[in-house]
Amino acid sequence: MINTLHIKNVGIIDDVTINLNDGLNILTGETGAGKTLIIDSLQIISGGRFSKEMIRKGQEYSRVEAALYIDNEDVVVTREINQNGRNTCKINGSLVTVAELKNYMKNIIDIHGQHENVSLLDQTTHVKYIDTYADNEIIEIKEKYQENYKKYLNLKEEIDKNFGDDKEKQRELDLLRYQNKEIEDLELKQGEEEELETTRQKILNSEKIINSLEIACEQISGTSIDGISTSVRALEKISSIDLKYETTLNNLKSIYYDIQELSRDIENYKEEIYFDEEERNKIETRLDMIYMLKRKYGNSIEEILKYNEEIKERIEKIQNSEEYVKKLKQELKQTEEEMKKQGEKMHEIRGKHAQILEKKINQELNDLEMQNAKFSVKLDYKEDKKFGPNGLDETEFMISTNIGEDQKPLAKIASGGEMSRIMLAIKNILSDVDRGSTMVFDEIDTGISGKAANSVGEKLKSISKVHQILCVTHLANIAAKGDYNYYISKEVKEKRTKTSIKKLTEQETISEIARIASGDVNEIAIEHAKTLRKIA
């Protein structure tokens, strides 16, 4: 459930905090005071879409925070949207994506409003209502079916995408063989490019290298070695006089031998350096060919060789396509057979629960002052239909709202008020198995009044025994049923409109019910409000 909702900079809401409770929470107030913005904020924190136009004028961001109590644990969820488009979502302080937030919140907050009723008109959602009602009986078989459905789609894609007609296969083979030949003709080796580049640099800089080596060799083999040799002979004459002279002599001899070795190395380097125009051209040509292959097939020789292995695998697969396709089609057939069995089982389960659901919804509609309505579930098993994510069932909710009329699809008959009551009937029946712990009803009383409104209030009260309910309403009959009533108002301060929310005392609740019922808080309205409250 939602313990606390904090909204900042959303529309005319400046900074508002609402402490909510278990049971039926009723939200009422002036038109345009911000009731819808509260529902919008719940949509935002649930991972719904957000428009930058919703950010309060003059502010850089909007933020919605919700303190939740889930499975005996406190959870804080935050979402902040900035003018620059940055979107930050957090669950208990950890950053998550909008998709992750939406996936997390879908089982926590269930929002139904004037626009939500549109989903009831969407035939594809009808089977989901039946499956929700069937609950544990269908979950396992449906999960297995959907696993096979993913496999089924992948197999069909593999067959369709990779192997077309003979002409397509031949065209692809010709291209792949050309690419394979182009790579293998070059006989690439790991590390080859680096070696060639090093040799190329030596050739390009051969004159510079030789000049430098000659200078070094001349200096070492001339003055340096002669000078050290003379110094060694001089120290040899006095080395027996003092140990330190002998030590210095030995060190100098070591240096003399090292320099001689270095001199020989430099001489060898000189012999290695040469300038061969023909070899340089060969290296340049080889490197150009390697660069050309890199542009086509990879950023390095390693990537090119890896791509070539993939080409060879693909060639082999196409050359053996008949056998490969045969294997794929056999696997597809087995998958379809499994899906058909699972689809038949799901149809059987849905048929049983659809009948029960029909009876219960008709009873609910009778309670909601729609005694003449006749609701039914049309469930057809289409064996020749293409497999879908929910099986082979075609499901549609049917209704006739007046005696003597034929049943027709819900979308073609029901009015706005009737749709609200049908939605409430379904939600009341599904309340025990719906995963959402908090249900939000935004003006679900649209288009109804009187006795029907009272029945709607009773249904909301019934659902609130097992779920936290937030309900925005304009009807006194429903407001009177609230366990907790909140008044939403707006005021102008410093030339800016601000929304405020107040939890009402019992006396204030009665005054608000009176205002809603008659538009004026007088003695008669107060007495009527007390009566409604007492009945509730």
Side-chain angles (χ1 to χ4, degrees), residues 1-27 34-113 115-116 143 431 433-442 464 466-472 483-484 486 488 496 498-503:
M1 62 172 282
I2 305 171
N3 286 331
T4 304
L5 181 66
H6 176 219
I7 307 167
K8 188 173 179 64
N9 298 334
V10 177
I12 61 171
I13 296 178
D14 178 31
D15 197 332
V16 161
T17 298
I18 318 170
N19 294 313
L20 297 166
N21 299 275
D22 214 347
L24 181 54
N25 298 267
I26 297 292
L27 281 65
K35 298 186 295 296
T36 300
L37 287 175
I38 293 170
I39 305 302
D40 290 340
S41 297
L42 288 168
Q43 292 274 20
I44 292 168
I45 202 68
S46 298
R49 291 183 179 179
F50 182 88
S51 170
K52 288 193 292 184
E53 284 71 25
M54 292 176 68
I55 299 176
R56 184 170 170 81
K57 183 180 178 181
Q59 301 299 323
E60 291 299 317
Y61 68 94
S62 288
R63 182 189 298 128
V64 182
E65 296 174 291
L68 311 171
Y69 187 67
I70 306 165
D71 298 330
N72 299 318
E73 289 186 7
D74 292 315
V75 178
V76 177
V77 178
T78 307
R79 186 176 179 191
E80 184 176 299
I81 299 99
N82 290 266
Q83 287 281 10
N84 61 12
R86 186 180 176 188
N87 201 324
T88 305
C89 306
K90 292 181 181 180
I91 299 175
N92 273 350
S94 298
L95 286 169
V96 295
T97 64
V98 175
E100 288 170 333
L101 175 67
K102 187 173 185 177
N103 185 60
Y104 179 79
M105 295 297 290
K106 70 180 180 182
N107 295 327
I108 297 169
I109 299 178
D110 191 8
I111 300 174
H112 307 279
H115 303 295
E116 171 63 21
E143 286 178 350
S431 62
V433 291
D434 261 355
R435 300 299 187 267
S437 61
T438 296
M439 290 188 176
V440 182
F441 293 92
D442 179 21
S464 71
V466 291
H467 291 276
Q468 181 188 43
I469 300 292
L470 275 67
C471 178
V472 175
D483 295 312
Y484 306 92
Y486 299 82
I488 303 167
R496 293 299 305 275
K498 294 183 179 181
T499 293
S500 61
I501 300 175
K502 181 183 180 183
K503 182 181 175 184

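The figures here come from the full heavy-atom set of this structure, side chains too, leaving out hydrogens, waters and symmetry mates. For reference, positions follow the sequence shown, starting with 1.
Side chain of Arg496 to main chain of Lys57: a donor-acceptor pair is present (N/O by atom type, distance under 3.5 Å, no hydrogens or angles). Between the side chain of Asn87 and the main chain of Ile81, no donor-acceptor pair closer than 3.5 Å is present. A donor-acceptor pair is defined here as one N or O able to donate and one able to accept, closer than 3.5 Å; no such pair exists between the side chain of Asp71 and the backbone of Glu73. The closest donor-acceptor contact from the side chain of Arg56 to the backbone of Val10 lies at 3.5 Å or more, if one exists at all. Panel note: side chain Ser51, backbone Glu53; a donor-acceptor pair is recorded below 3.5 Å. A donor-acceptor distance shorter than 3.5 angstrom exists from the side chain of Asn92 to the backbone of Val76, with no hydrogens or angles considered.
Considering Asn19, Asn21, Asn25 as possible partners of Lys503, the one that fulfils the side chain to side chain contact (heavy atoms under 4.5 Å, CB included) test is Asn21. Partner of Leu5 under the side chain to side chain contact (heavy atoms under 4.5 Å, CB included) criterion, out of Ile18, Thr17, Val16: Ile18 alone.
More than 12 heavy atoms of other residues, nucleotides or ligands sit less than 6.0 Å from atom NZ of Lys8.
Atom CD of Glu65 is separated from atom CD of Glu80 by 8.5 Å, given to the nearest 0.5 angstrom. Atom-to-atom distance recorded for Ile108:CD1 and Ile70:CD1 is 3.5 Å, nearest 0.5 angstrom. Rounded to the nearest 0.5 Å, atoms CG (Leu37) and CD1 (Ile488) are 9.5 Å apart. Between Asn3 atom CG and Tyr69 atom OH the span is 9.0 Å, to the nearest 0.5 Å. One finds the OG1 atom of Thr88 at 7.0 Å from the NZ atom of Lys90 (value rounded to the nearest 0.5 Å). From Ser62, atom OG reaches atom CD1 of Ile44 across 6.5 Å, with rounding to the nearest 0.5 Å.
Shown here for Ala66 and Ile45, the closest heavy-atom pair between the two residues is CB-CG1, 4.2 Å. Residues Gly34 and Thr499 share a closest heavy-atom pair of CA-OG1, 4.2 Å.
Counting heavy atoms from C-beta outward, Arg79 and Val98 have side chains that approach closer than 4.5 Å. Side-chain contact between Val472 and Ile38 is absent, with no heavy-atom pair separated by less than 4.5 Å. Counting heavy atoms from C-beta outward, Ile109 and Ile2 have side chains that approach closer than 4.5 Å. Using a 4.5 Å heavy-atom threshold, the side chains of Leu470 and Gln468 count as touching. Gln43 places a side-chain heavy atom less than 4.5 Å from the side chain of Ile111. Between Tyr61 and Asn9 the shortest side-chain heavy-atom distance falls below 4.5 Å. Side-chain contact between Val96 and Tyr104 is absent, with no heavy atoms from C-beta onward closer than 4.5 Å.
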